[in-house]
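What follows is a short report on a single structure.
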Protein chains: 2
Amino acid sequence: MAYRQTEHVAQRLEENRRRILKAARELVAEGGFAKAQITAVAKRAGLATGTLYRYFPSKDDLCRQVFREVSSREMNILAGIAAADHPALDRFDLVLRTFSGRALKSRRLAYALLAEPVDVALAEERTRFRKTHAAIFARIIDDAIAEGSVSPRDSKLVAACIAGAIPTALVGPLAPETDAQGSDDVLNSIVQFCFGALGVTARQTATKTQLESRL
Amino acid sequence: MAYRQTEHVAQRLEENRRRILKAARELVAEGGFAKAQITAVAKRAGLATGTLYRYFPSKDDLCRQVFREVSSREMNILAGIAAADHPALDRFDLVLRTFSGRALKSRRLAYALLAEPVDVALAEERTRFRKTHAAIFARIIDDAIAEGSVSPRDSKLVAACIAGAIPTALVGPLAPETDAQGSDDVLNSIVQFCFGALGVTARQTATKTQLESRL
DNA sequence: TCAAAATATGAATCTATTTTCATTTTTTAC
DNA sequence: GTAAAAAATGAAAATAGATTCATATTTTGA
C-alpha cells in the first residue's frame, strides 16, 4: 500500500472543482449556456476534457450546478426581502426593484437564467427559479390582502403574471434596449405596472434606497 | 423527350406537401416540437424520410413553416380585433379574452408555441409571435391613451409586460391546472390584472359574447 | 411498349457534441 | 527509489438525429 489522499491533494481537488465551476460561470456570463461546452469549460479551467468527468458526472449536472449557484444567490436575496417584518407593499416595491435592478445590471447573465433557449435539463432548473419568484410574489400579495392594503384576489395567478411580466420586460427580445438612464424609467414603469395590477393606484414613488433604509 | 409534369402530378405534390405539414402539425399538437422528428413526420405522412427533403430543405424550415401556419392564424384573429373601430378598452378586453380563451382551449399547442423549450430556429419564430402580441397590445394602449381612457405611460413596456404575463399564467409550469370551470376564473383574473396594470379599476365585467356583439 | 424525366426510397453517411477509457503522470508510504 | 493507488489526459468512441444519394419506381409522350 502506498497512496492515500492527503489534505494537500484534497485541497487541490476542491480547488479544481471550483475552477471548473468558475470557468463555466464565466462562459455563461459571456455567451449564455450555449457557450458552455465541456471542452471550452475544460480549456478555460486549465484541465483536460476527461478530467471534468472526474468532478461532474455529465454536462447537464455541471450546467445545473452553475444554474443553481447563480440563481440561488438571487432567490435568497429576494426571499430575505419578502420575509422581512414590514408592510407588504413596501416589501413588494423593494422586491420588484431589487429583482429588476439586479437583472438590468447583469443583463447577459439574466438573459441566460430567464430567457435563453436552453435544453430540457436547464429548462427544469429555470422552472424552479421562476416558481420561486412566483412563490415570493404570492406570499407578499397574500400578506397585503391580509393587511387590507390589497383587495382579495387569486394571489397565485397574479404572482404568475408578475413572474412572467418582469423578465419579458427586462431581458430578451421584447425588452427595450436601455442605458443606465433608461433603466430607471424601465424600473419605475414596471413598479407602476405591478402596483396597478394589484389595484393599488395612489402610491407615491419611493427610491430603492429610501425603502431599504425604511426596512 | 417524354416526361413533363402534368396537372395530375402537380396536384399530388401539392397534396403531399399538405400531408407533411398536417402530420407535423399533429405531432406538435400531441407532443410539442420535440416529437416532430423528421422520421416521425415522414412516417405519419406516409412517405419515406428522404421524400420530405424534396418538399422542405431542412427540418428547421419545416418546423418554422408549421410554427408560422399555426401562429399566424392566431395573430390574424387578434390583429382583427385590435383594428376594429371601437373603444380601445373594449378591444383590449376582447383581445385578452380571445387570446387567453384560445390558449386554454388548445393548451398543448399553446404550450408548444409559447413555452416549450425549443432550439434557436424556433425561438426566432416564437420571438416574432410574441413581438406581434406586444405590438397589438401597444397599439390598443396607445389608442386608449389618445382617447383619454388610460393615463399616459410607456405603452411599449406595458405591452411587453402583458405579453409576458399572459402566457406564463396560462400555460407552462407556473400556470394553474384548471378544468373548464376554472378557466373562466383564470380568464377573469387575467383581465382584472391587465386592466389594473393600465390603471383602469372600475370597469364592469362583460362576457366575451357581449363584447363581440357590441363590436 | 419504350425511353427519358421526375419522383420516391431508406439505408448509409454526416455532424457536432458529449462521454469513455487505455495510457501516462502524480502522489504517497515505506 | 519503488510500487501501489489515485488522478489526469486526450484521442477515440458513442450518440442521436438530420441529411444525403445511389437506386428503384412512377409518369409521360411518342
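So that the names make sense, note that chain A is the first sequence line, chain B the second, and so on, each numbered from 1. Atom set for the values below is all heavy atoms of this structure, side chains included, hydrogens, waters and symmetry mates excluded.
Across all strands, D60(B) comes closer than 4.0 Å to no nucleic acid atom at all (heavy-atom distances). When heavy atoms are screened at a 4.0 angstrom cut-off, Y55(A) is found touching the sugar-phosphate backbone but no base atom. At a threshold of 4.0 angstrom between heavy atoms, the contacts of R54(B) include nucleobase atoms, whether or not backbone atoms are also involved.
Residues passing the side chain to side chain contact (heavy atoms under 4.5 Å, CB included) test with K131(A) are T127(A), P173(B), L174(B), sequence neighbours excluded. Under the ring-ring contact (aromatic ring centres under 6.0 Å, His included) criterion, F56(A) pairs with no residue at all, not counting sequence neighbours. In this structure, Y53(B) has no ring-ring contact (aromatic ring centres under 6.0 Å, His included) partners at least two apart in sequence or on a different chain. Considering only residues two or more places apart in sequence or on other chains, T39(A) meets the side chain to side chain contact (heavy atoms under 4.5 Å, CB included) condition with T49(A). Residues that satisfy the side chain to side chain contact (heavy atoms under 4.5 Å, CB included) test with R139(A), not counting sequence neighbours, are A83(A), D143(A).
When the nucleotides dT28(C), dG10(D), dT27(D) are ranked by their closest atom to the side chain of V9(A), dT28(C) comes out on top. Distance from the side chain of N16(B) is smallest for dA8(C) among the nucleotides dG10(D), dT27(D), dA8(C).
Between the CD atom of Q11(A) and the P atom of dT27(C) there is a distance of 14 Å, rounded to whole Å. The CD atom of E7(B) sits 18 Å away from the C1' atom of dG29(D) (whole-angstrom rounding). Between I20(A) atom CD1 and dT9(D) atom P there is a gap of 10 Å when expressed in whole angstrom units. When rounded to the nearest whole Å, the span between NZ of K43(A) and C1' of dA8(D) equals 18 Å. Computed from coordinates, the R4(A) CZ to dA7(D) C1' distance equals 17 Å when rounded to whole Å. Following rounding to the nearest Å, L52(A) (CG) and dG10(D) (P) show an atom-to-atom distance of 13 Å. Distance Q5(A) CD to dT28(C) C1': 11 Å, rounded to the nearest Å. Rounded to an integer number of Å, the gap from CG of L13(B) to C1' of dT26(D) is 12 Å.
Residue pairs satisfying the salt bridge (charged side-chain N to carboxylate O under 4.0 Å, His left out) criterion with at least one member in residues 162-189 of chain B, sequence neighbours excluded, are absent.
Here D93(A) pairs with R97(A) in a salt bridge; the nearest charged N to carboxylate O distance falls below 4.0 Å. With respect to the salt-bridge test (charged N to carboxylate O, under 4.0 angstrom), the residues R18(A) and E15(A) qualify.
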Please list, pair by pair, any protein nitrogen or oxygen found under 3.5 Å from a nitrogen or oxygen in nucleotides 13-17 of chain D.
none

Short heteroatom pairs, N/O only, protein and nucleotides 20-24 of chain D, under 3.5 Å:
none

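Between the R153(A) side chain and the L198(A) main chain, a donor and an acceptor come within less than 3.5 Å of each other. Of the possible polar contacts, none joining the R91(A) side chain to the I81(A) backbone as a donor-acceptor pair under 3.5 Å is found.
Fit an axis to the five pairs at each end of the helix from dT1(C)-dA30(D) to dC30(C)-dG1(D) and the two axes sit 10° apart, to the nearest 10 degrees.
Listed by residue number, there are no residues of residues 25-33 of chain B with a heavy-atom contact under 4.0 Å to DNA chain C.
Side-chain contact between L96(A) and L187(A): absent, with no pair of heavy atoms (C-beta onward) separated by less than 4.5 Å.
Ring geometry, F137(A) versus F92(A): the interplanar angle exceeds 60°, so the pair is classed perpendicular (tilted spans 30 to 60°).
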List the atom pairs, with distances to 0.1 Å, where a side-chain N or O of residues 110-123 of chain B and a protein N or O form a donor-acceptor pair under 3.5 Å, not counting sequence neighbours.
{"unit_1": "E116(B)", "atom_1": "OE1", "unit_2": "F33(B)", "atom_2": "N", "d": "2.8"}
{"unit_1": "E116(B)", "atom_1": "OE2", "unit_2": "F33(B)", "atom_2": "N", "d": "3.1"}
{"unit_1": "E116(B)", "atom_1": "OE2", "unit_2": "A34(B)", "atom_2": "N", "d": "3.0"}
{"unit_1": "D119(B)", "atom_1": "OD1", "unit_2": "A121(B)", "atom_2": "N", "d": "3.3"}
{"unit_1": "D119(B)", "atom_1": "OD1", "unit_2": "L122(B)", "atom_2": "N", "d": "3.3"}

Show the atom names and distances, to 0.1 Å, of all donor-acceptor pairs under 3.5 Å that link a side chain in residues 68-77 of chain B to residues at least two apart or in another chain.
{"unit_1": "R68(B)", "atom_1": "NE", "unit_2": "E125(B)", "atom_2": "OE1", "d": "3.1"}
{"unit_1": "R68(B)", "atom_1": "NE", "unit_2": "E125(B)", "atom_2": "OE2", "d": "3.2"}
{"unit_1": "R68(B)", "atom_1": "NH2", "unit_2": "E125(B)", "atom_2": "OE2", "d": "3.0"}
{"unit_1": "E69(B)", "atom_1": "OE1", "unit_2": "R25(B)", "atom_2": "NE", "d": "3.4"}
{"unit_1": "S71(B)", "atom_1": "OG", "unit_2": "F67(B)", "atom_2": "O", "d": "2.8"}
{"unit_1": "S71(B)", "atom_1": "OG", "unit_2": "R68(B)", "atom_2": "O", "d": "3.4"}
{"unit_1": "S72(B)", "atom_1": "OG", "unit_2": "R68(B)", "atom_2": "O", "d": "2.7"}
{"unit_1": "S72(B)", "atom_1": "OG", "unit_2": "E69(B)", "atom_2": "O", "d": "3.3"}
{"unit_1": "E74(B)", "atom_1": "OE1", "unit_2": "R102(B)", "atom_2": "NE", "d": "2.7"}
{"unit_1": "E74(B)", "atom_1": "OE2", "unit_2": "R102(B)", "atom_2": "NE", "d": "3.4"}
{"unit_1": "E74(B)", "atom_1": "OE2", "unit_2": "R102(B)", "atom_2": "NH2", "d": "3.0"}
{"unit_1": "N76(B)", "atom_1": "ND2", "unit_2": "S72(B)", "atom_2": "O", "d": "3.2"}

